[in-house]
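Here is the structure we will look at.
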Amino acid sequence: MPELPEVETVRRGLEPVLAGRRIARFEQRRPDLRFPFPERFAERLENQTILTLGRRAKYLLARLSSGEVLVMHLGMSGRFTITLPHQGKPQLLGDYTYDTGADPAHDHVVFMMEDGVTVTYNDPRRFGCMLLISEQELDEHPLFAGLGVEPLGNELTPDYLATKARGRKADLKAFLMDQRIVAGLGNIYVCEALYRAGLSPKRVASCLANGSGWPTSRAERLVPAIRSVLQDAIDAGGSTLRDYRQADGTIGGFQHTFSVYGREGEPCLTPGCRGIVQRIVQGGRSTFYCGKCQR
DNA sequence: CATGCCCCCTGCACGC
DNA sequence: TGCGTGCAGGGGGCAT
């Protein structure tokens, strides 16, 4: 799944075809994804103009002229495909060129914009979701109320991490995976950030604070590690695992830059380190790290 | 409140 | 070729 860099990449890909455009028709092909689709979903979308396409954590937020916000999450396998209209040919829903290689059986939702551009949401595992929430209620909605800081914003500081980590018994991996602490990190980028910071994923989270609650040098290292790995990934257009593609059909390249993720048994890339990347399981999910240079 | 585990679902790689 | 197993980028819900 798309973690923050992939969602941001998708947002940037969709923005030019969605923002400022009216949804002419909307097609919903099944009753639900992770949650049931909203009541009267198509009615509430059709003829609305998408004012802006934003992102919070791993959620895409399409602000509509009606005052509602279309909230979209890609889960593990969600993706969008943009299809341009055939030249000189009326573009009808269901009559579009499918160009991603994805199984059309999992095309659950189709947006047709006023200019004939089609945006299709495909999600084999259906862990994604779409919700309509009024703009006023967005911040108080259960999905958003508890979210932690945006890692690329100004609020992620060593002080913040130390405050949140103080007294925590969970390990660093679980702490950073917790969306209530830092919103948008996932399995890949937590592993990569901990590598960049030289911190073991098994270390207790409270090691980010000292006895007085002030940040330790570990917290000081972790902040730039998180920021840089996310920014580098965004700059590379996200990571492409299996058949994930960007909204415009091109493929992100950050997976070629992974230092530890998916590299079990391979040599650590830290200059001079003779360690081997190992895979362990934490909270039921794979963690990759070098036990030699990540302490 | 914090923590850990299960589950939702499909596709794919692997070993036999 | 077929089949069983384990694994996959998330996160809600529940028991403890």
Side-chain angles (χ1 to χ4, degrees), chain A residues 1-11 30-37 55-60 71-80 100-108 121-131 141-148 151 163-193 201-202 204-206 209 229-230 233-234 236-247 251-258 260-264 279-288:
Chain A
M1 158 241 150
E3 300 180 37
L4 188 152
E6 289 72 41
V7 177
E8 179 59 23
T9 298
V10 168
R11 190 196 69 75
R30 54 170 297 119
D32 54 29
L33 294 174
R34 179 191 226 324
F35 307 126
F37 283 115
R55 179 190 59 74
R56 170 77 170 107
K58 301 171 192 170
Y59 293 91
L60 290 169
V71 175
M72 298 177 281
H73 195 291
L74 303 174
M76 294 275 266
S77 57
R79 59 179 145 181
F80 288 95
T100 64
D103 185 347
H106 301 302
D107 288 352
H108 305 309
Y121 179 71
N122 180 287
D123 187 357
R125 296 178 73 180
R126 307 201 300 276
F127 287 172
C129 66
M130 292 193 185
L131 305 168
H141 189 279
L143 288 181
F144 293 92
L147 283 180
T163 300
K164 291 289 189 182
R166 196 176 184 191
R168 290 255 186 175
K169 286 186 55 195
D171 53 44
L172 266 182
K173 170 80 180 305
F175 177 74
L176 293 177
M177 290 283 286
D178 189 339
Q179 301 299 295
R180 295 168 300 183
I181 310 295
V182 181
L185 293 177
N187 206 33
I188 293 177
Y189 296 105
V190 165
C191 291
E192 294 296 314
K202 295 191 288 187
V204 66
S206 57
V229 75
L230 294 178
I234 291 172
S239 300
T240 305
L241 267 59
R242 293 171 194 78
D243 51 9
Y244 167 82
R245 284 162 187 258
Q246 291 176 207
I251 298 179
F254 192 69
Q255 69 279 7
H256 302 304
T257 313
F258 289 165
V260 288
Y261 189 84
R263 296 192 61 246
E264 180 182 18
R279 172 185 172 274
I280 60 173
V281 175
Q282 292 177 291
R285 317 196 54 181
S286 292
T287 299
F288 298 88

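Being a predicted model, the structure only gives us computed values, none of them experimental. In what follows, chains carry the letters A, B, and so on, assigned in the order in which the sequence lines appear, proteins first and then strands, with residues in each chain numbered from 1.
Distance, A:Asp32 CG to C:dG12 P: 17 Å, rounded to whole Å. One interatomic measurement links the two molecules: CZ of A:Arg285 to C1' of C:dG11, which rounds to 9 Å at whole-angstrom precision. Regarding A:Leu147, its CG atom lies at a distance of 14 Å from the P atom of C:dG10, rounded to whole Å. In this structure, the CD atom of A:Glu264 is 15 Å from the C1' atom of B:dC14, given to the nearest Å. Here C:dG10 presents its C1' atom at 14 Å from CZ of A:Arg180, a figure rounded to the nearest Å. The nearest whole Å value for the distance from the CE atom in A:Met177 to the C1' atom in B:dC5 is 14 Å. If you take CE of A:Met76 and C1' of B:dC12, they are 13 Å apart, rounded to a whole angstrom. Straight-line distance from the NE2 atom of A:His108 to the P atom of B:dT10: 9 Å, rounded to whole Å.
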_What does the 5'-to-3' dot-bracket notation of DNA chain C look like when only Watson-Crick and G-U wobble pairs under 3.5 Å count, and pairs to other strands show as |?_
.|||||||.|||||||
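In this structure, A:Arg125 does not reach the B:dC8 phosphate: none of its side-chain N or O atoms is under 4.0 Å from OP1 or OP2. At the phosphate of C:dA8, OP1 or OP2 sits under 4.0 Å from a side-chain N or O atom of A:Ser286. Distances shorter than 4.0 Å separate none of the side-chain N or O atoms of A:Gln179 from OP1 or OP2 on C:dG10. Contact between the side-chain N/O atoms of A:His106 and the OP1/OP2 oxygens of B:dC9 is not found at any separation under 4.0 Å. A sub-4.0 Å separation between OP1 or OP2 of B:dT3 and a side-chain N or O of A:Arg168 is present. A:Lys169 has no side-chain polar atom (N or O) that falls below the 4.0 Å cut-off from OP1 or OP2 of B:dA2.
Among the protein residues, A:Arg126 comes within range of the sugar-phosphate backbone only, with heavy atoms under 4.0 Å from sugar or phosphate atoms but none that close to a base. Heavy atoms of A:Gly186 sit under 4.0 angstrom from primed sugar atoms or phosphate atoms, though from no base atom.
Taking only side-chain atoms of A:His73, from C-beta outward, the nucleotide of B:dT3, C:dA8, C:dG11 with the closest atom is C:dG11. Checked against C:dG12, B:dT10, C:dG10, the side chain of A:Tyr59 finds its nearest nucleotide in C:dG12. When each of B:dG11, C:dA8, B:dC9 is scored by its nearest atom to the side-chain atoms of A:Phe127, the top-ranked nucleotide is B:dC9. With distances taken from any side-chain atom of A:Leu143 to the nucleotides C:dG11, C:dG12, C:dC7, the minimum falls on C:dG12.
Ring orientation note: the planes of A:Tyr189 and A:Phe258 are nearly perpendicular, at an angle over 60° on the 30°/60° scale. In this structure, A:His73 and A:Tyr59 have perpendicular ring planes: the angle between them is above 60°, well past the 30° mark.
Under a 4.0 Å N-O distance rule, the pair A:Asp32/A:Arg34 does not qualify as a salt bridge.
A search for side-chain contact (heavy atoms from CB on, under 4.5 Å) contacts involving A:Arg166 returns A:Ala209, not counting sequence neighbours.
Side chain of A:Gln179 to backbone of A:Gly184: a donor-acceptor contact under 3.5 angstrom is found.
When side chains are defined from C-beta on, A:Leu230 does not count as touching A:Glu8, because their heavy atoms never get closer than 4.5 Å.
Once rounded to the nearest 0.5 Å, the distance linking NZ of A:Lys173 with CZ of A:Phe288 reads 9.0 Å.
Counting atom types as modelled, A:Arg34 pairs a side-chain N or O with a base atom of C:dG11 as donor and acceptor under 3.5 Å.
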_Quick one, A:Ile280 with A:Lys202, criterion side chain to side chain contact (heavy atoms under 4.5 Å, CB included). Give me CA distance, side-chain angles, the key distance, then yes/no._
CA-CA 10 Å; A:Ile280 60 173; A:Lys202 295 191 288 187; 3.8 Å; yes
